[in-house]
Amino acid sequence: MRARRSLRPGRPVQALAALLLAGALALTGCSGGADTDSGGDSDSKAGQADAQEAAPGAADSGAAGGKQATTAPKLPTSHIIRTAELTVQVKDVPKALDAARSTVETAGGYVGQETTSRDEEGTEETRVVLRVPVDRYEEVLADLEGSGKLLERTAKAQDVTDQVVDVESRIKTQRASVTRIRELMDQATKLTDVVTLESELSTRQADLEALLARQASLKDRTSLATITLSLSEKPVVKATEDDDPGVLDALAGGWGAFVAMLRWIVVALAAVLPFAVVLALILLIWLRWVRPRLPRRPAPATVSTALGPLPTARPAPQPRRTEEQGGEQD
């Protein structure tokens with residue numbers, strides 16, 4: 001019985017030793033895991049440090065590339081007014097005109113103005129103004145030139161980029177000015193201030209509308225090119241170099257000058273004729289109606305004195321005839 005009692009107290013000691021051993025092993029394993037974790041953290045931190053050291057260079061290169069991309073020179077948008085005039089000889093003017101219309105409408109343009117005339121010989125001539133988009137200008141121009149025999153071509157290009165930029169800047173400024181005036185009107189309390197601000201607002205609004213109209217005109221003229229096409233069935237008669245003028249040429253020139261002089265004389269007489277008729281009527285009225293009715297001058301009155309009226313003057317006696325004188329002498 002005592003032996004059993006002596007053995008009982010040893011079991012708890014063994015159990016306690018086993019627990020201590022297990023705890024030591026557990027602590028060893030935890031320290032190893034902590035070491036591995038700390039090693040992993042150090043490796044990750046080292047990788048992050050290396051990445052941060054490499055990142056500034058990449059960031060600088062990216063920033064430099066971004067600056068180069070943003071500071072790349074941008075070509076300004078040019079605004080050019082393009083106009084052209086074509087004179088083409090064709091066999092049939094109506095057919096050529098229909099073909100020109102279809103070409104312009106296919107390109108997205110339209111016919112602005114058309115004038116058709118026919119001379120005494122029945123030859124038809126047409127002058128038409130075409131508006132085509134600028135990007136199709138050269139193509140349409142080439143098609144119109146190939147519609148017949150090209151007699152004359154004139155093309156012009158006017159750069160109005162400065163005007164467009166100036167108008168846009170002035171429109172922005174004017175809009176800001178109108179906005180400020182409206183804000184002041186909302187804050188105004190006196191009637192005189194309101195009236196003054198309304199007058200100023202109307203003036204600036206009118207200026208803004210004028211600038212907007214000019215901007216629209218510039219936009220229309222720069223977005224659409226103008227082509228003036230003249231279609232004719234007549235061949236161009238070229239002047240030939242003749243010899244010196246002869247007698248017939250001199251007579252024809254003199255007759256032409258004489259006819260021209262007579263024409264100018266007739267024109268001058270026709271211009272003076274109304275004034276002459278008016279003057280003649282005035283003179284006739286004066287002689288027939290006005291002058292007879294004017295009061296005549298009274299006869300001279302006899303002058304009287306205290307001795308009586310003075311004798312009136314009598315004409316001097318005329319000498320007798322020579323025959324009578326001769327008879328008296330006989």
Side-chain angles (χ1 to χ4, degrees), residues 69-119 121-175 206-239:
T70 55
T71 59
K74 294 182 180 180
L75 297 176
T77 304
S78 60
H79 300 273
I80 300 175
I81 299 175
R82 299 185 182 275
T83 57
E85 294 184 5
L86 297 178
T87 302
V88 182
Q89 179 186 350
V90 295
K91 296 181 179 180
D92 192 348
V93 171
K95 290 183 179 180
L97 182 59
D98 293 339
R101 285 177 178 171
S102 62
T103 300
V104 172
E105 291 175 357
T106 303
Y110 63 92
V111 178
Q113 185 179 359
E114 179 181 345
T115 304
T116 302
S117 61
R118 190 181 297 273
D119 59 6
E121 300 177 356
T123 305
E124 187 175 351
E125 296 182 1
T126 299
R127 182 181 179 87
V128 61
V129 179
L130 308 173
R131 304 297 306 278
V132 295
V134 176
D135 54 351
R136 304 290 299 275
Y137 167 72
E138 297 292 342
E139 180 182 352
V140 173
L141 202 60
D143 292 341
L144 295 177
E145 290 177 1
S147 61
K149 182 180 179 181
L150 181 62
L151 303 179
E152 185 180 359
R153 171 181 172 175
T154 304
K156 297 180 182 179
Q158 181 183 2
D159 191 358
V160 293
T161 305
D162 296 339
Q163 298 181 21
V164 173
V165 173
D166 178 65
V167 169
E168 291 178 353
S169 176
R170 293 174 63 184
I171 286 174
K172 292 180 181 179
T173 304
Q174 199 68 19
R175 282 178 174 170
D207 295 341
L208 178 60
E209 292 176 358
L211 290 172
L212 291 174
R214 185 179 178 187
Q215 185 186 38
S217 176
L218 289 173
K219 183 178 180 181
D220 177 71
R221 295 166 62 190
T222 54
S223 61
L224 294 176
T226 304
I227 301 176
T228 304
L229 177 63
S230 299
L231 300 174
S232 175
E233 297 176 358
K234 280 186 177 182
V236 177
V237 179
K238 296 183 179 180

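Just the heavy atoms: all of them, side chains too, but no hydrogens, waters or symmetry mates, feed the values below. No experiment lies behind these values; they were computed from the predicted model shown.
A donor-acceptor pair under 3.5 Å is absent between the side-chain atoms of Ser147 and the main chain of Asp143, judged by distance alone. Without hydrogens or angle criteria, Thr106 side chain to Ser102 main chain gives a donor-acceptor distance under 3.5 Å.
The shortest side-chain heavy-atom distance between His79 and Gln163 does not fall under the 4.5 Å cut-off. Counting heavy atoms from C-beta on, the side chains of Leu97 and Leu231 come closer than 4.5 Å. Counting only heavy atoms from C-beta outward, the side chains of Glu125 and Val93 never approach each other to under 4.5 Å.
Here the straight-line distance linking atom CZ of Arg127 with atom OG of Ser230 works out to 4.5 Å at 0.5 Å rounding. With rounding to the nearest 0.5 Å, the separation of CD in Gln89 from CG in Leu150 is 11.0 Å. Atom-to-atom distance recorded for Glu145:CD and Leu151:CG is 11.5 Å, nearest 0.5 angstrom. Separating the CD1 atom in Ile171 from the CG atom in Asp166 is a distance of 10.0 Å, to the nearest 0.5 Å. Put simply, CD on Glu233 and CG on Asp92 are 6.0 Å apart, with the number rounded to the nearest 0.5 Å. Taking NZ of Lys156 as the reference point, atom CD of Glu85 lies at 7.0 Å (rounded to 0.5 Å).
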Report, one line per pair, each donor and acceptor closer than 3.5 Å where one atom sits in a side chain of residues 133-141; sequence neighbours left out.
| unit_1 | atom_1 | unit_2 | atom_2 | d |
| --- | --- | --- | --- | --- |
| Arg136 | NE | Glu139 | OE1 | 2.8 |
| Arg136 | NH2 | Glu139 | OE1 | 3.4 |
| Arg136 | NH2 | Glu139 | OE2 | 3.2 |

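Contact between Ala100 and Leu229 at its shortest, heavy atoms only, is CB-CD2, 3.9 Å. Of all the heavy atoms in Val104 and Tyr110, the pair that sits closest is CG1-N, 3.4 Å.
For the pairing with Thr222, the side-chain contact (heavy atoms from CB on, under 4.5 Å) check across Ile80, Thr161, Val160 returns one residue only, Val160. Of the residues Thr103, Leu86, Leu144, the one that meets the side-chain contact (heavy atoms from CB on, under 4.5 Å) test with Leu130 is Leu144.
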Quiz prompt | Test log, rule side chain to side chain contact (heavy atoms under 4.5 Å, CB included), inputs Arg175 and Leu212 | solution = CA-CA 11 Å; Arg175 282 178 174 170; Leu212 291 174; 3.6 Å; yes
Self-check item: Criterion side chain to side chain contact (heavy atoms under 4.5 Å, CB included) on Glu168 and Gln215, from CA distance to verdict
Solution: CA-CA 7 Å; Glu168 291 178 353; Gln215 185 186 38; 3.6 Å; yes
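The residues Asp220 and Arg131 are annotated as salt-bridged, a charged nitrogen and a carboxylate oxygen being separated by less than 4.0 angstrom.
Annotation: Arg101, atom CZ; neighbour count of heavy atoms from other residues, nucleotides and ligands within 6.0 Å is above 12.
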